[in-house]
Amino acid sequence: MSAQSFAPEELYATVIAGLLDGLDHVAVGMASPIPATGALLTQARNHGATRVSILGNPKGAQWTNGGAELFDMAGRGRIGAFFLSGGQIDGSANINLVGTGSYPQSDTRWSGSFGSAYLYFVVPRVILFRWEHSRRTLVEQVDFISAPGQSEPGVYRPGGPVALITNLCAFDYDRGRGRFKLKSIHPGHSLEEVRDNTGFDFDVSDAVPQTSAPDAETLAILRGPVAARMRTLYPVFADTVFGAANAQSA
Amino acid sequence: MFAHPSDLAAQIGDASAIIMAKGEAPDTPLAIVHDLIRLGRRNLHIVTLPACANPVSGMAVDMLIGSGCVASIETSGVSLGEVGSAPQFTNAVREGRIAITDATCPALYAAVQAGAKGQPFTTLRGLIGSDVERHREDYRVIDNPFEPGDPVVAIKAINPDVAVFHAPAADRNGNIWIGRNRDLLYAAQSANRAVITVEEVHDTDYFDDDKMAAGVLPAAYVTAVAHVPGGARTGIPGRISEHVAAYRQAARSPEGFASWMSGTLSQVAA
């Protein structure tokens, strides 16, 4: 792989890393290899100043109080950013991890809400991600609110969504307006494609830039120290994105 | 306290409320789960702490549900982790064959820790405005008594009948070494009883060594423990992800699930 070409995952991770500048501590949930890559990229760029805790693997986080520790830390404001996805995400940034149609006998049933109904409220920068940008996933209104994008006045809510990254584009989330605004479109995709595949209404400025491709220095960090760490945490993902370990050292 | 492996499941009767850990470490009591299925247990209530969304923990819950052992479940999530969705869980919920109580991870930890302390409830932020909260009778939005105008959610404590898990080791006095997997401690403290399999038994007392004692579930919480090497992967001969993927493929249909289970149960009984 030359320095000019890059995998889509490397682009998404670079976008994510750009949202984590200056944070003391970033946590990454289960089954989130691309957010993990982005968080580790931030950490490598600032020479370890950002602490990164990655769930789902005993090697991923230096914690000692079981699964509750993430939530305890978040409740005390010790986690600056976290990542959430959803089977459905709507234009008000509500997320649905439970299922479609009625409840509890859903048409499609997903695994469950996990920590979203808490972390979305207390982590200052929650970054939403969904690698299938379609009208099936990005809907006008979710069928079940695992965690709401907005809260009524008076509800304790220091945290919430700041962005949504998909395989087509990046949105910013404006908490004041309660709406997504298109921030950039990934190389090879168009505004029409984004509109055609988004089920909710969003704001667009006159000239939407293309998402910046990772530069040579970024790719070197991704394929060097970040890839090495990812091999211990997400070996299948690392082999797929960064190539097999042997090929890499050749 | 030390029991024969085949006697553990007898401690868990029909309609028991059982609490199971998340399976990130190899703590899923798969050997006991097989015995519960073999004994034809019915109307179990499962509480996951806080989810069973790793391949083996998700498969264990899926097997209990598919075998008709489960009436209800409280969970933040059930899946086979990176392998994919849990087919019997998914179908049973969609068809209304089990009652599901959807939770969020920190609410389950809060409820279990309140239960461990013998308190009736605790409070938690978040949740307000979610459908998770809206569907729960045992979550109540109350006003913070110390800061009026600050709504918080009161979460009822959970005290399951029995905690069931696999742990790395026990000493000769029935103290269980859990390392930093503190979820096992909270599960046992909240439950009325704890039924445990261990990978190893050491002829020592962990309290003679502070470094070991720091990672111990004291024997005071332990009802029955048995030495079952590989008890968290009974019937899984090779790579876990490949085995669970094959299970998932089979378990998508009732016939495939029945055939997989009869094969697994006859194999582990042999």
Side-chain angles (χ1 to χ4, degrees), chain A residues 29-31 33 55-58 60 62-72 74-75 94-99 101-122 142-152 154-159 234 236-237, chain B residues 21-22 24-25 48-51 53-54 58 75-82 85-86 89-96 99-110 112-113 124-135 144 149-152 179-186 214 241:
Chain A
M30 305 268 294
L55 279 73
N57 186 314
Q62 294 187 323
W63 295 344
T64 57
N65 200 26
E69 191 155 14
L70 166 69
F71 308 105
D72 294 350
N94 298 309
I95 64 173
N96 174 6
L97 292 153
V98 162
S102 60
Y103 178 84
Q105 289 180 244
S106 315
D107 298 332
T108 299
R109 170 72 206 198
W110 297 312
S111 48
S113 300
F114 294 95
S116 65
Y118 183 73
L119 295 174
Y120 214 20
F121 288 77
V122 298
V142 297
D143 293 344
F144 183 99
I145 300 175
S146 287
Q150 305 272 121
S151 293
E152 297 292 317
V155 174
Y156 183 82
R157 188 82 200 247
Y234 283 101
V236 176
F237 173 87
Chain B
K22 65 179 179 289
E24 189 175 305
T48 65
L49 186 65
N54 276 272
T75 187
S76 299
V78 175
S79 79
L80 305 180
E82 61 185 350
S85 60
F89 161 79
T90 305
N91 290 340
V93 171
R94 287 181 58 222
E95 294 161 14
I100 184 156
T101 303
D102 272 286
T104 188
C105 300
L108 274 163
Y109 282 116
V112 163
Q113 288 178 325
L124 190 72
R125 294 203 180 278
L127 275 167
I128 296 169
S130 72
D131 286 331
V132 177
E133 189 278 322
R134 200 163 61 80
H135 286 283
N144 175 351
D150 175 25
V152 294
R180 62 178 167 136
N181 188 358
R182 309 285 286 189
D183 290 19
L184 303 183
L185 177 75
Y186 301 133
S241 56

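Note that the structure is a prediction, hence the values are computed from the model and not measured. Just so it is clear: chains get the letters A, B, ... in the order the sequence lines come, proteins before strands, and each one is counted from 1.
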Quick one: pull up [atom1] in [X] and [atom2] in [Y] and give me the separation to the nearest 0.5 Å.
{"X": "A:Asn94", "Y": "A:Gln150", "atom1": "CG", "atom2": "CD", "value": "8.5 Å"}
{"X": "A:Ile145", "Y": "B:Glu133", "atom1": "CD1", "atom2": "CD", "value": "11.5 Å"}
{"X": "A:Asp72", "Y": "B:Tyr109", "atom1": "CG", "atom2": "OH", "value": "10.0 Å"}

Legend entry - Heavy-atom side-chain proximity of A:Tyr156 to B:Pro151 below 4.5 angstrom: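 Sidechains of B:Pro151 and A:Tyr156: no contact.
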Inset, instruction - Check whether any side-chain heavy atom of B:Arg180 sits under 4.5 Å from a side-chain heavy atom of A:Pro58, and report yes or no. - result: yes
Answer with side chain, backbone, both or neither: which region of [X] has an atom nearer than 4.5 Å to a non-hydrogen atom of chain B?
{"X": "A:Asn96", "answer": "neither"}
{"X": "A:Asn57", "answer": "backbone"}
{"X": "A:Ala31", "answer": "neither"}
{"X": "A:Ser102", "answer": "neither"}

I need the residue from [options] with the largest number of non-hydrogen atom pairs under 4.5 Å to chain A.
{"options": "B:Arg134, B:Arg125, B:Lys22", "answer": "B:Arg125"}
{"options": "B:Leu185, B:Val152, B:Ile100", "answer": "B:Ile100"}
{"options": "B:Leu49, B:Asp102, B:Ile128", "answer": "B:Asp102"}
{"options": "B:Leu80, B:Asp150, B:Leu124, B:Val112", "answer": "B:Leu124"}

Legend entry - Criterion side-chain contact (heavy atoms from CB on, under 4.5 Å) on A:Trp63 and A:Leu55, from CA distance to verdict: CA-CA 10 Å; A:Trp63 295 344; A:Leu55 279 73; 4.1 Å; yes
Legend entry - Residue B:Glu82 excluded, over 12 heavy atoms near CD under 6.0 Å: no
For [X], is it the side chain, the backbone, both or neither that has a heavy atom under 4.5 Å from a heavy atom of chain A?
{"X": "B:Thr90", "value": "both"}
{"X": "B:Glu95", "value": "backbone"}
{"X": "B:Pro106", "value": "both"}
{"X": "B:Asn91", "value": "neither"}
{"X": "B:Asn181", "value": "neither"}
{"X": "B:Ala103", "value": "backbone"}
{"X": "B:Ala86", "value": "neither"}

What option among [options] has the most heavy-atom pairs under 4.5 Å with chain B?
{"options": "A:Gly115, A:Gly154, A:Gly67", "result": "A:Gly67"}
{"options": "A:Val155, A:Val98, A:Asp107", "result": "A:Asp107"}
{"options": "A:Ser106, A:Gly75, A:Pro104", "result": "A:Ser106"}

Legend entry - Whether A:Tyr118 and A:Phe71 hold their rings parallel, tilted or perpendicular, with breakpoints at 30° and 60°: perpendicular
Legend entry - Worked check of side-chain contact (heavy atoms from CB on, under 4.5 Å) between A:Thr64 and A:Glu69: CA-CA 8 Å; A:Thr64 57; A:Glu69 191 155 14; 4.2 Å; yes
Inset, instruction - Without swapping roles, check the side chain of A:Ser146 against the backbone of A:Ser113 for a donor-acceptor pair under 3.5 Å. - result: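 Looks like no, no N/O pair under 3.5 Å.
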Legend entry - Cation-aromatic face contact A:Arg157/A:Tyr120, 6.0 Å, 45 degrees: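 Yes, a cation-pi geometry.
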